[in-house]
Student: 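Would you mind keeping the following structure in view while I ask a few things?
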2 protein chains.
Amino acid sequence: MDKITPKAASRKEDIISAAITVFADLGYYRATTAQVAAQANISQPYVYRFYNTKEALLLAALERSWDRILQAFSSVREKVKPEDMETAFTEAYKNVLRNFQSEILLQMQAQTIQDPEIRKAMQSGMKRIRDYVLSSFQQSGYPEPEERTTIFLAKGMLCNIALAIDMDELMPNHL
Amino acid sequence: MDKITPKAASRKEDIISAAITVFADLGYYRATTAQVAAQANISQPYVYRFYNTKEALLLAALERSWDRILQAFSSVREKVKPEDMETAFTEAYKNVLRNFQSEILLQMQAQTIQDPEIRKAMQSGMKRIRDYVLSSFQQSGYPEPEERTTIFLAKGMLCNIALAIDMDELMPNHL
DNA sequence: TTCATTATTGATTCATCAATCAGTAATTTT
DNA sequence: AAAATTACTGATTGATGAATCAATAATGAA
């Protein structure tokens, strides 16, 4: 039956946090479940009580990282005047980069993993973000919202890279 | 003394090609030197006659991938009128993506590898490209060449991602 | 307190892989 | 054709890691 007790639920969260840190730092394939366990202060086998495979853990970690970005944008959309939408989104993303670097690095890792399950997760995450940004730009009455969305996303991706390889010169000016 | 015979030089190239394919496909850490060797039709130990470590092989592969892009741009710059520069660069990059997908995927992999040697290689590769594009845009008399270079690179990076996760909707229109 | 459920781990397994070594074939030089 | 150099491989090693199992501790209910 395996009921989900509060304690177990919080363990799951701990493990995801640990996985994000370790995977981002070492790379998914090089990182070991033992390192994730250590980071979460539990034993290696116990990880498998919550995630049946290393890949399931990666998927959970990715889900959190996509939720994070969407959450950041959606908390902005309520508060801000239409004409400030893009600037506000940019600020929101800057904060995600500052406070959740590892989640972004993890996404970058996952971009190049060819496994179908991972690929699906990345596609759907990317689509959620794009759709949200596009519809926000449309609602804000921006001209050429598609092109503007593309450029917004493109700058975001360049930003990720600048962060990952530690090259400030690469950062888009205002980001 | 280990003189470099023509045969050895061509073996080195074969191994790099094989490494690019295998690393891009499986990921650097998951890929094995035996798989690289198989792809190059040689035995696994023989790889080590040319590259002393797996990482040295990755560095060589990365160098080729950066050279490829610079080569593509520089062969364009000679042939094209200043006002067509950006469009021509875009076309040139499109061709690289078409014909050397694996090299791009490999670069994406390397973006998230934290090792100092790899990081240095990525920084210097990225810098070479950016400097070349920027100076080309400047020579072409484009207004705001920095901003234009940034957007050009940003769209390129988004393009890479669209390729990697197989999402055509993400592709910048004209690319 | 006893029983049941939930939380957790030590020890192990089986597989895999980077790197080395010690040697054999092929080719070139003399 | 012998010697020397270059090309190449089989076998091995030592380490490591995902996943499983069998068990023990802790917690809560009856």
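A note on names: the letters A, B, ... follow the listed sequences, proteins ahead of strands, and every chain is numbered from 1. As the structure is a computational prediction, the values presented were derived from the model and not from experiment.
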Student: Do any side-chain nitrogens or oxygens of B:T33 fall under 4.0 Å of OP1 or OP2 in C:dA18?
Tutor: yes
Student: Parallel, tilted or perpendicular for A:F89 and A:F73, by the 30°/60° rule?
Tutor: parallel
Student: Is any NZ, NE, NH1 or NH2 atom of the basic residue among A:E86 and A:R148 found under 4.0 Å from an Asp or Glu carboxylate oxygen of the other?
Tutor: yes
Student: Can you measure A:Y29 atom OH to C:dC17 atom P for me and round it to whole angstrom units?
Tutor: 13 Å
Student: Would you mind telling me which of C:dA19, D:dA18, C:dC17 lies closest to the side-chain atoms of A:T32?
Tutor: D:dA18
Student: Please state how far atom CZ in A:R30 lies from atom C1' in D:dG17, giving the value in whole angstrom units.
Tutor: 14 Å
Student: Run the side chain to side chain contact (heavy atoms under 4.5 Å, CB included) check on A:W66 and A:Q107 step by step: do they pass?
Tutor: CA-CA 8 Å; A:W66 287 114; A:Q107 288 187 352; 3.3 Å; yes
Student: Find the distance B:I42:CD1 to D:dG10:P and express it as a whole number of Å.
Tutor: 12 Å
Student: Measuring only between side-chain heavy atoms, which start at C-beta, is B:F100 closer than 4.5 Å to B:S65?
Tutor: no
Student: OP1 or OP2 of C:dT8 less than 4.0 angstrom from a side-chain nitrogen or oxygen of A:R11, does that happen here?
Tutor: yes
Student: Would you say B:Y46 reaches D:dT9's phosphate, i.e. side-chain N/O to OP1/OP2 under 4.0 Å?
Tutor: no
Student: Mind checking B:A31 for me? I need base, sugar-phosphate or nothing, with any heavy atom below 4.0 Å counting as a touch.
Tutor: sugar-phosphate
Student: Say you draw a straight line from CG of A:N41 to CZ of A:R11; how long is it, rounded to the nearest 0.5 Å?
Tutor: 8.0 Å
Student: Could you give the CD-to-C1' distance, from B:Q44 to D:dA11, as a whole number of Å?
Tutor: 11 Å
Student: Kindly point out which of D:dC8, C:dA19, D:dA18 is positioned nearest to the side chain of B:R49?
Tutor: D:dC8
Student: Report the distance from atom NZ of B:K54 to atom P of C:dT20, rounded to the nearest whole Å.
Tutor: 15 Å
Student: Whole-Å distance between C:dA7 P and A:K12 NZ?
Tutor: 12 Å
Student: Which comes earlier along DNA chain D counting from the 5' end, the contact point of B:V47 or that of A:Y28, where each point is its nearest nucleotide?
Tutor: B:V47
Student: Figure out the CG/P separation between A:N52 and D:dT20, and round it to whole Å.
Tutor: 8 Å
Student: Report the distance from atom OH of B:Y48 to atom P of C:dC17, rounded to the nearest whole Å.
Tutor: 12 Å
